[in-house]
Amino acid sequence: MDQLSDRIKSLPSSATLAMAAKARELRAEGKDIIGLSLGEPDFNTPDFIKEAAIQAVNDNYNSYSPVDGYVDLKEAVCLKFKRDNGLDYKPNQIVVSTGAKQSIANVAQVLLNPGDEILLPAPYWVSYSAIATLCEATYKEIPSSIENDFKITPEQLEAAITPKTKMIFFNSPNNPSGTIYSEEEYRALAKVLEKYPDIYILSDEIYEHISYGAKNFSFAAIPNMYDRTITVNGLAKAFAMTGWRIGYIGAPEWIAKACTKMQGQITSGTNCIAQRAAITALTESPERIQFMVEEFKERRDLILKLLGDIEGFQCNVPEGAFYVFPNVSAFFGKTFRGKTINTASDFAMYLLEEANVATVTGEAFGNSNCIRISYAASTEQIIEAVKRIKEALS
Ligand code: PMP
């Protein structure tokens with residue numbers, strides 16, 4: 001154990017995966033656990049994408065692909081960026097990776113030096129801070145709360161910037177809050193960043209299609225931000241393709257080149273079959289996956305209505321993604337069977353043990369008053385889970 005590197009010792013484990021593992025353990029003991037902790041659609045990959053993958057196998061796509069992805073996939077990504085985001089990228093600005101997670105890790109590895117600082121509007125996706133830690137960079141959280149719909153203000157951004165600030169990570173629609181920044185709000189944040197030309201922006205738009213009305217606005221669409229924004233996206237969420245592992249970036253060419261160099265030494269590019277299927281997924285109209293979005297919207301409305309009946313749960317209305325992020329601080333200080341709930345972690349553990357429902361503590365996302373509940377689950381599971389939560393809290 002002591003022989004392990006300082007690097008791995010300083011790396012926190014993923015809280016969402018830890019909760020899923022704990023739920024599995026309890027299931028193995030015979031407990032009927034409802035898992036609402038993972039960020040994974042419960043749909044199968046649509047048939048038109050599966051067929052493209054089968055075709056690729058039969059067409060003998062079995063060799064190493066170019067490190068940054070097949071040229072025709074990169075062209076499909078450029079067309080998608082133009083069609084959905086109004087962004088002009090050329091194929092030499094695109095890098096396809098093994099999931100958006102690797103895309104983000106690549107960008108961090110090629111831009112951050114030890115001691116650099118990144119800004120994380122909180123709540124934020126758990127891996128951002130861990131990825132920064134791996135680069136020996138530090139991170140600073142910019143807090144938000146349910147009262148302002150989990151959005152940060154330009155004043156907060158300005159106050160958080162220091163000479164060490166190298167990057168800021170935006171994520172809209174947001175995991176875990178479901179919040180979507182409007183064009184106007186993004187432009188106001190960009191006004192602040194205009195004054196600091198050495199700060200780079202990573203815009204993680206992986207939930208862009210899972211939006212219940214508000215249109216996704218890409219940060220790179222602000223003209224004077226384009227040259228220092230890295231737009232991250234992927235197929236996992238909207239196309240129900242988590243296990244296929246396809247993510248991609250659109251970025252200034254010099255950053256794309258560096259990311260290609262990085263993954264050339266680490267993965268040699270991602271799976272060739274998944275890349276061929278991704279061409280079909282991205283080229284077809286987003287209308288073809290709309291049925292999943294509609295289903296998620298119904299589930300969001302259902303879970304909000306059910307949670308609204310539990311005294312002490314404070315929810316906002318998430319506009320996208322498939323999570324609710326209720327403030328549960330009203331329960332802090334309460335004791336049951338000799339155990340006191342003092343934190344969101346205690347609360348999530350209480351729900352696991354007393355309601356047999358797995359959620360994730362907000363602490364992992366930089367907010368210690370909330371828990372994340374994923375509603376990427378069946379209607380029956382949602383109804384049963386909230387019933388159990390209500391009973392356990394009564
Ligand atoms: N960004 C966010 C905000 C996410 O929630 C996730 C997945 N949980 C990712 C990136 C990573 O996606 P992928 O599965 O493509 O690596």
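This structure is a prediction, so every number in the text was calculated from the model and none was measured. Atoms within a ligand are numbered from 1 in the order they appear, just like the ligands themselves.
When the heavy-atom distances from atom 2 (C) of ligand 1 to N175, D204, L235, T242 are ranked, the shortest goes to D204.
Taking any N or O of Y207, backbone or side chain, at least one lies under 3.5 Å from an N or O belonging to ligand 1. Taking any N or O of T98, backbone or side chain, none lies under 3.5 Å from an N or O belonging to ligand 1. Not a single N or O atom of I104, backbone or side chain, sits closer than 3.5 Å to an N or O atom of ligand 1. When only interatomic distances are considered, the shortest N/O to N/O separation between K237 and ligand 1 falls below 3.5 Å.
Atoms of ligand 1 lying under 4.0 Å from any heavy atom of N171, numbered from 1 in the order shown and given with element: 3 (C). Set against the non-hydrogen atoms of G99, the atoms of ligand 1 under 4.0 Å away are 15 (O), 16 (O). The contact set between ligand 1 and R245, taken as ligand atoms under 4.0 Å from a residue heavy atom, comprises 13 (P), 14 (O), 15 (O), 16 (O). Which parts of ligand 1 touch K101 is read off a 4.0 Å heavy-atom cut-off, strictly below it: atoms 11 (C), 13 (P), 16 (O). Close contacts of ligand 1 with A236, meaning ligand atoms under 4.0 Å from a residue heavy atom, involve 14 (O), 15 (O).
The number of heavy atoms from other shown groups lying within 6.0 Å of CD (Q265) does not exceed 12.
Ring centroids of F296 and F322 are separated by less than 6.0 Å, placing the two rings close together. Taking the six-membered ring wherever Trp is involved, the centroid distance between the rings of F332 and F347 does not fall below 6.0 Å. If you look at F217 and Y181, their ring centroids are not closer than 6.0 Å. Annotation: F331 is not in aromatic contact with F336 [ring centroid separation under 6.0 Å not met].
Judged by distance alone, the side chains of S172 and E205 never bring a donor and an acceptor atom under 3.5 Å apart.
For atom 9 (C) of ligand 1, the closest heavy atom belonging to the protein is W125 CH2, 3.4 Å.
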